[in-house]
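Encoded as structure tokens, the structure appears first; notes follow it.
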Amino acid sequence: MGLPPVKNKSPKWVVRFLLKRGFTELANNRGKGDHKCLLNKATGAYTEVDMGRDSFTAREIKTFIKQTSVEEKKWRNA
């Protein structure tokens, strides 16, 4: 039996988490509406975070994990 999914993380939490792991917020924010665009120049990983959300579901966090290439273990331990 595996670990429970990572879920219920706020947009601010996701942005802080990624900024601590080498991501930078793009100055020319190309996101739609209230989305923040984050890029890790070292890995080329890119994602957009919808800041208008209360929290993200487990499926959405899995998408962030795939897009950012940050290990799921690090998301769990943060």
Side-chain angles (χ1 to χ4, degrees):
M1 188 168 203
L3 295 170
V6 179
K7 61 182 178 178
N8 298 328
K9 300 294 185 187
S10 72
K12 287 181 182 180
W13 185 93
V14 171
V15 170
R16 281 193 310 265
F17 174 82
L18 293 174
L19 290 175
K20 290 177 184 177
R21 282 153 184 84
F23 282 78
T24 56
E25 190 175 339
L26 297 178
N28 60 342
N29 198 349
R30 298 178 300 201
K32 296 179 181 178
D34 56 0
H35 288 62
K36 287 197 181 215
C37 301
L38 300 163
L39 174 69
N40 185 320
K41 292 180 183 177
T43 65
Y46 171 84
T47 194
E48 292 182 21
V49 180
D50 182 356
M51 300 304 290
R53 302 286 304 275
D54 289 330
S55 65
F56 294 107
T57 65
R59 176 177 273 173
E60 292 165 325
I61 295 293
K62 280 280 195 190
T63 300
F64 286 130
I65 292 168
K66 288 180 184 178
Q67 289 176 345
T68 63
S69 300
V70 176
E71 295 177 37
E72 185 172 349
K73 183 177 180 180
K74 291 183 180 180
W75 287 82
R76 288 183 183 286
N77 295 333

message: If I take atom OG1 from residue Thr24 and atom CG from residue Leu39, how far apart are they, to the nearest 0.5 angstrom?
response: 5.5 Å
message: If I compare all heavy atoms of Gln67 with all of Ala45, which pair ends up nearest, and what's the gap?
response: O-CB, 3.5 Å
query: Looking only at heavy atoms, what is the nearest atom pair of Asn40 and Phe23, with distance?
result: N-CD2, 3.5 Å
message: Within a 6.0 Å radius of atom CG on Asp54, are there more than 12 heavy atoms belonging to other residues, nucleotides or ligands?
response: no
Would you list the atom pairs, donor with acceptor, under 3.5 Å between side chains in residues 56-65 and any protein atom, with sequence neighbours excluded?
{"from": "Thr57", "atom 1": "OG1", "to": "Glu60", "atom 2": "N", "distance (Å)": "3.3"}
{"from": "Thr57", "atom 1": "OG1", "to": "Glu60", "atom 2": "OE1", "distance (Å)": "3.2"}
{"from": "Glu60", "atom 1": "OE1", "to": "Arg53", "atom 2": "NH2", "distance (Å)": "3.2"}
{"from": "Glu60", "atom 1": "OE1", "to": "Thr57", "atom 2": "N", "distance (Å)": "2.8"}
{"from": "Glu60", "atom 1": "OE2", "to": "Arg53", "atom 2": "NH1", "distance (Å)": "2.6"}
{"from": "Glu60", "atom 1": "OE2", "to": "Arg53", "atom 2": "NH2", "distance (Å)": "3.3"}
{"from": "Lys62", "atom 1": "NZ", "to": "Glu72", "atom 2": "OE1", "distance (Å)": "2.9"}
{"from": "Thr63", "atom 1": "OG1", "to": "Arg59", "atom 2": "O", "distance (Å)": "3.2"}

query: How long is the gap from OG1 on Thr43 to CZ on Arg21, to the nearest 0.5 Å?
result: 13.0 Å
- prompt: Ser10: what forms a side-chain contact (heavy atoms from CB on, under 4.5 Å) with it, not counting sequence neighbours?
  reply: Lys12, Trp13
- line: Value for CZ (Arg16) from NZ (Lys9), rounded to nearest 0.5 Å, stands at 10.5 Å
- request: Output the distance between atom CG (Leu38) and atom CD (Glu25), rounded to the nearest 0.5 Å.
  value: 6.0 Å
message: Let me confirm one number: the NZ-CG distance from Lys36 to Leu18, rounded to the nearest 0.5 Å.
response: 12.0 Å
task: Starting from the C-alpha separation in whole Å, work towards a yes-or-no answer on side chain to side chain contact (heavy atoms under 4.5 Å, CB included) for Asp50 and Glu48.
output: CA-CA 7 Å; Asp50 182 356; Glu48 292 182 21; over 6 Å; no
